[in-house]
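Report on the structure given below.
Throughout, a chain's letter reflects where its sequence line sits, starting with A, and its residues are numbered from 1.
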There are 2 protein chains.
Amino acid sequence: MSNYNEKPEAGVLALGDAILACLTERPMTGYELAKTFDNSIGFFWKADHQQIYRELTKLRDRGHIQGREVVQSGKPNKLVYTLTPEGRAALRHWAARPSVPASIKDDLLVRLYALDSVDIEPLRTDLMARLEHHRDRFARYERLLSKRFPDGTAPPADVGKLLGLRVGLAHERAVAEWCEEAIEALSALSSGAERTNVVPIEDVKRETNS
Amino acid sequence: MSNYNEKPEAGVLALGDAILACLTERPMTGYELAKTFDNSIGFFWKADHQQIYRELTKLRDRGHIQGREVVQSGKPNKLVYTLTPEGRAALRHWAARPSVPASIKDDLLVRLYALDSVDIEPLRTDLMARLEHHRDRFARYERLLSKRFPDGTAPPADVGKLLGLRVGLAHERAVAEWCEEAIEALSALSSGAERTNVVPIEDVKRETNS
DNA sequence: CGCTTCTTTACCGTAACGCGAAAAAGTCAG
DNA sequence: CTGACTTTTTCGCGTTACGGTAAAGAAGCG
């Protein structure tokens, strides 16, 4: 059996590390971080500005980042945060620890699990919204990919960002397809004895080759 | 502690609802719930026994479940929890609200994002562990599917459980495939150029306002 | 004999999230 | 000019989630 229950020490504080990761790119203010977590990480992590600022304070207290005030005319002064060498080291150290596989944790699955105890109509509506959502995301990732990495390759420093987009793409596609399947199944349920023939999975060998 | 009916916004407390969903199947004790959340929901949701018990207490206080003590000989007495009509109604009501699409939130992606600031070797090791993990899960779902739904169909009440397994399957497959891709990419990175002089900071991005 | 299983509960912490509010400067539309 | 909105940061209220440590008490296993 695979055992991923080692002992990740100080554990889960990934939001702070996500911020550190963002700051490896360039120094940023809390406002910038909050606006777009840069358009890669922000897809997987969302956090409002209060959260960001609170985390920034903690990171500064730990000496992982350093704030430099930039006086602006016409706007409030801003605090541009830069990684300190300690912050860099902390990030490296954190990144060297094994990650914990995230669980799916989707409440939709809970609803489906109790399918015979809930109303199917709102569920179907919900699933359709979800389908749209995942399709949107998929298209967004595709656009980003073809814009930032038109030939499918990346310079060494950006390989990780490419991979991030690729996993997002794969995930959204898989879930969107599943949504279609689920909607169909629910429709078949509510329309009664009508049974659409389901194609067994072994025969559906869909390879997307572009 | 007075007001929990005024804010029916999108789903917050899902752990409690997951427990309610479990209890629609059959009455269970906290211990049973903690052991295996039944082998469908437990894959997507993991919670230790303290969490479960705490949640059970809350649910009982709300009148959503009802505990019935069963005296046992040879074992401690147990509390078998049953859904009350109020609990059923609450579950139905909760399930009728739109769900919030869960974000991915995987710290591995953060590590990858900051790829040029971290060590690749532990990352590659981590990815290989992850690959194994997702393959395990995939195989597990496959086994469960062929055991519980050998012909790929389910009685109406179990359609949701089938769908849950199917999305798990699709997800694990997609992520496992991505892991392979990522491992390959990282290997190419580390075996490749020994740091040819690449892009120092010659390009200071000018802010729109200085 | 000690160890594990069974079953529940308690109290400790803190990370994460969310909501509402507020400063103090400027821009821009009506 | 007024009102609304942007920019940027911060405070403080709350709840949910989760993690650890530990205590019970009886049974069964080796």
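For residues 143-162 of chain B, there are no ring pair (Phe, Tyr, Trp, His ring centres under 6.0 Å) pairs, not counting sequence neighbours. Every pair tested for ring pair (Phe, Tyr, Trp, His ring centres under 6.0 Å) that includes a residue from residues 47-67 of chain B fails, sequence neighbours excluded, so the list is empty.
For A:Met28 and D:dT9, the CE to P distance is 11 Å, given to the nearest whole Å. For the pair A:Gln51 CD and D:dG14 C1', the computed distance is 14 Å after rounding to whole Å. Look at CG on A:Asp48: it is 14 Å from C1' on D:dC13, rounded to the nearest Å. The distance from atom CG of B:Leu59 to atom C1' of D:dT16 is 13 Å, rounded to the nearest whole Å. What separates CG of B:Asp61 from P of D:dT16 is a distance of 12 Å, to the nearest Å. Rounded to whole Å, the distance from CH2 on B:Trp94 to P on D:dT16 is 15 Å. Straight-line distance from the CD1 atom of A:Ile52 to the P atom of C:dA16: 12 Å, rounded to whole Å. The CG-P distance, from B:Asp107 to C:dA15, rounds to 16 Å in whole Å.
Every residue meeting the side chain to side chain contact (heavy atoms under 4.5 Å, CB included) condition with B:Asp119, not counting sequence neighbours, appears here in chain and number order: A:Arg92, B:Pro122. Residues meeting the ring pair (Phe, Tyr, Trp, His ring centres under 6.0 Å) test with B:His134, sequence neighbours left out: none. With sequence neighbours left out, A:Ile104 forms a side chain to side chain contact (heavy atoms under 4.5 Å, CB included) with A:Asp106, A:Leu109, B:Phe44, B:His171.
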Name the pairs: protein N/O against N/O of nucleotides 7-11 of chain C, kept only if under 3.5 Å.
from  : atom 1 : to      : atom 2 : distance (Å)
C:dT7 : OP1    : B:Gln72 : NE2    : 3.4
C:dT8 : OP1    : B:Leu79 : N      : 2.7
C:dT8 : OP1    : B:Leu79 : O      : 3.2
C:dT8 : OP2    : B:Gly30 : N      : 3.3
C:dT8 : OP2    : B:Tyr31 : N      : 2.7
C:dT8 : OP2    : B:Tyr53 : OH     : 2.7
C:dT8 : O5'    : B:Tyr53 : OH     : 3.4

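Under a cutoff of 6.0 Å and an axis angle of 45°, A:Arg111 and B:Trp94 form a cation-pi pair.
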